[in-house]
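Just so it is clear, the values below take in all heavy atoms, side chains as well, and ignore hydrogens, waters and symmetry mates.
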Amino acid sequence: MQKLKTRPQFQATMSAGTIARTPHFALHRMELAAEVTEMVANPKTGPGSTDPQALFGVGAVRGQAWLGAMVPKRWAKRSVTRHTIKRQIYAVATDYEAALLRASYVVRLRSGFDRQQFVSATSEQLSAAVRQELQQLFASAARRLTQPRPATEADTGFKKKKPEVLDNQGQSATDLIVSQVEHQS
């Protein structure tokens, strides 16, 4: 598993969307291009590229899971708490690494743990609560990634039903509403 290191990597991953949430964490995911040939054929992936796929290397590295942890000071004031949470994120993610391949992920702390309940920054209670919630987060994401996607028009061969044309009565009602709006203006 590779770690996200640069700000553009984090930004690109977070802009792709959230796939799982718990009360304290959110998991963002960006799927990486499956083959290097897709990148080589795309001229936007060279130096100075604005394509987010260019941020994650080529070759075997692309097939791995990329993971970053964001634990803002806003939600974890003490650095020892932030580092403990980050270590937990990376430790739990290794258990789910097989389900996370060929994509980049950012686990973001989105609300703080109650300091009245968890007095010590490295208490066993806090570590257990964080680990349990992270396991829920990754299990939810793994379930979502393994679920079959709904069939699309291309898969089924059927076209979506087009809206039917209004009959004369419906058309005249629509014309009446439009003329009333124009008359009021």
When you measure from the side chain of E97 to the backbone of M1, do you find a donor-acceptor pair of N or O atoms at a distance under 3.5 Å? yes
Is there side-chain contact between [X] and [Y], with at least one heavy-atom pair below 4.5 Å?
X: V107; Y: F138; answer: yes
X: L32; Y: M30; answer: yes
X: F10; Y: M70; answer: yes

NE2 of H83 to CZ of R78, rounded to nearest 0.5 Å, is 13.5 Å
d(K73 NZ, R82 CZ) to nearest 0.5 Å is 5.5 Å
[X] and [Y]: which non-hydrogen atoms are nearest, and at how many Å?
X: F118; Y: A129; answer: CZ-CB, 3.8 Å
X: R21; Y: R110; answer: NH1-NH1, 3.1 Å
X: L100; Y: Y105; answer: O-CE1, 3.1 Å
X: A141; Y: L27; answer: CB-CD2, 3.4 Å

Could you see if [X] belongs to whatever hydrophobic cluster contains [Y]? Use Ile, Leu, Val, Met, Phe, Trp, Tyr and a side-chain cutoff under 4.5 Å.
X: L4; Y: I19; value: no
X: F25; Y: M14; value: no
X: V92; Y: F113; value: yes

Exactly one candidate in L134, L109, V106 meets side-chain contact (heavy atoms from CB on, under 4.5 Å) with I89; the answer is L134
Step by step, would you call R115 with K77 a side chain to side chain contact (heavy atoms under 4.5 Å, CB included)? CA-CA 10 Å; R115 285 185 69 179; K77 301 282 185 211; 4.2 Å; yes
Residues pairing under side-chain hydrogen bond (donor to acceptor under 3.5 Å, both in side chains) where one sits in residues 124-143, two or more places apart or in two chains, turn out to be T22-E133, H24-E133, Q88-R131
* Please walk me through it: do V130 and T84 pass side chain to side chain contact (heavy atoms under 4.5 Å, CB included)? -> CA-CA 9 Å; V130 169; T84 300; over 6 Å; no
| field | Pair R29-E31, side chain to side chain contact (heavy atoms under 4.5 Å, CB included): steps then yes or no | value | CA-CA 7 Å; R29 178 179 190 263; E31 191 169 346; 3.8 Å; yes
query = When you check the side-chain N and O atoms of S104 and T13, is any donor under 3.5 Å from an acceptor?
reply = yes
